[in-house]
Structures are given as structure tokens and as C-alpha cells.
Amino acid sequence: MKKEKYNVAVVGATGAVGEQMREVLEERLFPVGELRLLASERSAGQFLEFRGKQIRVEVLKEYSFQGVDIALFSAGGSVSAKFAPIAVAAGSVVVDNTAHFRMEPDVPLVVPEVNAQEIARYKNRGIIANPNCSTIQMVVALKPIHDAARIRRVVVSTYQSVSGAGRMAMEELSQQVSALFNGREIKKRKFPHQIAFNCIPHIDVFLDGGYTKEELKMINETRKILGEPSLRMTATTVRVPVFCGHSESVNIETEKKLTAKDVKAILREAPGVLLCDEPEKNIYPMAIDAVGKDETLVGRIREDDSVPNGINLWVVADNLRKGAALNAVQIAEILIRDHL
Ligand code: A2P
């Protein structure tokens with residue numbers, strides 16, 4: 001017998017993504033029975049609104065998942081590492097927004113427009129991983145092109161907003177902007193350098209070969225989601241002084257020749273994509289337009305004549321929504337529709 005309502009926990013409810021999770025659950029009329037909002041001691045006693053009611057934020061504990069059907073995690077990798085298995089043991093299905101479980105072979109890594117069929121594999125561990133924000137928006141745009149012409153190589157450069165690094169990072173950008181205008185010293189906590197009026201080519205830690213972990217996440221996750229373990233791909237990820245919305249320059253080479261017109265026709269019909277490509281009217285995707293939208297905006301579509309079958313794209317999405325909260329809730333919607 002199908003349940004009419006599902007008890008949902010949001011772990012990291014006071015964070016930038018947690019806030020969006022609450023909003024998206026409400027907006028999409030997700031059949032929530034009880035909503036449990038979990039965070040650290042720092043937020044204990046705070047009240048947050050859901051469907052017109054004030055809900056008290058509770059401190060995350062081992063016993064927090066009793067009676068919870070679906071637990072949406074976005075409180076950092078170490079919190080997921082410890083508490084996701086506890087939630088599963090208590091009977092919840094976990095949708096995890098951190099990088100902790102993404103590359104484990106028995107954990108599905110899902111973008112519903114691309115590989116919704118993978119959700120069925122949640123039974124292995126009780127966990128479904130939500131990909132990295134930059135990966136999600138890119139694969140939404142790439143999948144229909146891959147299906148039509150088989151992508152052989154991807155070169156991506158990102159322009160990632162500070163909200164991807166959390167609420168404190170957003171405050172850091174505002175404080176730095178105001179400090180600089182008022183001749184005060186800037187404070188640096190979340191970023192290794194001044195982010196105001198700057199671009200920092202460094203997201204997450206540096207690993208072997210000079211790549212950052214964020215860059216390797218994009219490469220490995222894209223291969224896993226597209227089911228192409230040997231896809232040739234390289235990435236450069238950059239933090240820019242934008243509050244919300246990640247932008248990406250994506251260059252691809254396909255096996256079959258596609259014209260720019262072909263790519264536009266494919267993307268016009270693609271699920272989750274909004275084609276914004278009328279350069280003669282100054283219409284192209286921009287972060288400020290993507291904020292609050294569910295779709296991934298794609299434009300600046302051009303043939304790259306420097307290689308036989310090259311295409312350039314500019315891909316933008318709301319990193320807190322499609323890049324995190326919305327993708328997680330879409331996964332939960334399919335879970336309750338087809339599996340729970
Ligand atoms: P809190 O607000 O109590 O610190 P962001 O990504 O915007 O920085 O948000 C991170 C979220 O994860 C916040 O809701 C934060 O709660 C929560 N969080 C961080 N560490 C823990 C922890 N050890 N236990 C529970 N929640 C945590």
C-alpha cells in the first residue's frame with residue numbers, strides 16, 4: 001500500500017541548500033507528513049517556516065531519524081559519513097548532497113533528466129548521491145547531445161558563485177564588498193584570497209597533477225552519470241564574485257557532425273533545458289536570470305572550427321536549486337512514485 005504522506009528530514013536545514021530544500025518541497029507540493037529540520041547546536045531553538053507553520057530546528061542526533069522516510073542531507077561530507085548510515089539503519093532512504101558517497105560503485109549518482117533509471121539501485125545501500133552542482137547543470141545540457149551524436153571530449157571552465165560554498169561564503173563576499181568601499185580591512189575565512197572583485201581558480205583542495213578536487217569531481221561524476229568511464233574530459237573550476245548561479249563555458253567534440261542549428265533543435269526539446277540563444281537581441285544565459293529557475297539555461301551555441309566536430313556552449317543554472325535542492329527533491333519524487 002502506497003503512503004499518502006512521507007516524513008522528511010532535512011539535515012543542514014539552516015544552510016544555503018537546506019533553505020532551498022524547504023522551499024522546493026513546499027513549492028512542488030511534495031507530500032510531506034512531518035518535516036524534521038536538523039542542524040548543529042549553533043542553530044538549536046531557531047524556528048523556520050514551512051507551509052505557513054513555524055518548525056523548530058533540532059540538533060542532529062543518532063535518534064533523529066526515527067519514523068523518517070526520506071532524509072535529505074546537506075551538512076557536509078563528514079556529517080553524511082557518520083549519519084547517513086544511521087538514517088538508513090533507522091529505515092530512511094538518504095538523498096545525499098555531499099561528495100562523500102558519490103563515487104562509490106554501489107551508490108547511484110543521479111540527475112533525473114539523465115539517468116533516472118539508476119534510482120532503482122538505491123536498495124544497495126539505502127543512499128542516492130546528488131552530484132556536484134557544476135556537474136549537474138553540465139550533464140543536463142550534454143546528455144541530449146550525447147544521445148544524438150556521441151560526445152568524445154569535453155573541455156569545461158566554470159564561473160562558480162559563492163553560494164556553492166555555503167551561507168558563510170555569501171556573507172564573506174558581502175562583507176568584503178562593503179569593507180572595500182569603506183576603506184576597512186577585509187576578512188578572509190571561507191576563501192584563501194579576497195573574493196570581492198576577484199576570480200579565484202581554486203575550489204576545494206589541490207590534488208595530484210595540479211588539479212583541484214572540484215575539477216576531478218566534475219570529470220569523474222560526469223563519466224559515472226553518462227555511463228562513459230573513458231570519456232575524455234578536462235576541467236578548470238573558478239570561484240567568481242557572484243552570489244548565486246554557476247556559469248560554464250563548455251567545449252565539446254562529437255563523433256557525429258552536428259551544426260549549431262542541430263544542437264539548438266536538440267536542446268529546445270531537451271528535458272530541464274531552457275534555450276536562451278538570441279545573441280542579436282543580447283539574449284544569452286546569465287546567472288542573474290537563472291536564479292530561482294528550475295531549468296538549466298543554455299546559449300552562445302557555436303560551431304568550433306578548430307576541431308572536426310566541435311561545439312561551444314554557455315551553460316548556467318541556479319546552483320542551490322538544480323545544482324542541489326531541486327535535484328534532490330526530484331530524486332525523492334521519483335523514489336515515492338516508483339519505489340517506496
Ligand atoms: P548550523 O547552521 O547549525 O551550523 P552551509 O552549507 O550554508 O554552510 O550550511 C551547512 C549546514 O550544515 C547548516 O545547516 C549547518 O548547521 C549544518 N551543519 C554543519 N555542521 C553540522 C553538524 N556537525 N551537525 C549538524 N549540522 C551541521
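When a ligand or atom number is given, it counts from 1 through the structure's own listing order. Every value quoted in this text rests on a predicted model; they were computed, and no experiment measured them.
The minimum heavy-atom distance between Asp204 and Glu214, with the atom names listed, is CB-N, 3.8 Å. In terms of heavy atoms, Asn97 sits closest to Pro131 at OD1-O, 4.4 Å. Nearest heavy-atom pair across Leu267 and Val273 is O-CG1, 3.5 Å. Of all the heavy atoms in Met138 and Thr222, the pair that sits closest is CE-OG1, 3.3 Å.
A distance limit of 4.0 angstrom between heavy atoms and ligand 1 selects the residues Gly12, Ala13, Thr14, Gly15, Ala16, Ala39, Ser40, Arg42, Ser43, Leu60, Ser74, Ala75, Val79, Gly166, Arg167.
A donor-acceptor contact closer than 3.5 angstrom is absent between the side chains of Ser64 and Glu58.
Between the side chain of Asn132 and the main chain of Glu215, no donor-acceptor pair closer than 3.5 Å is present.
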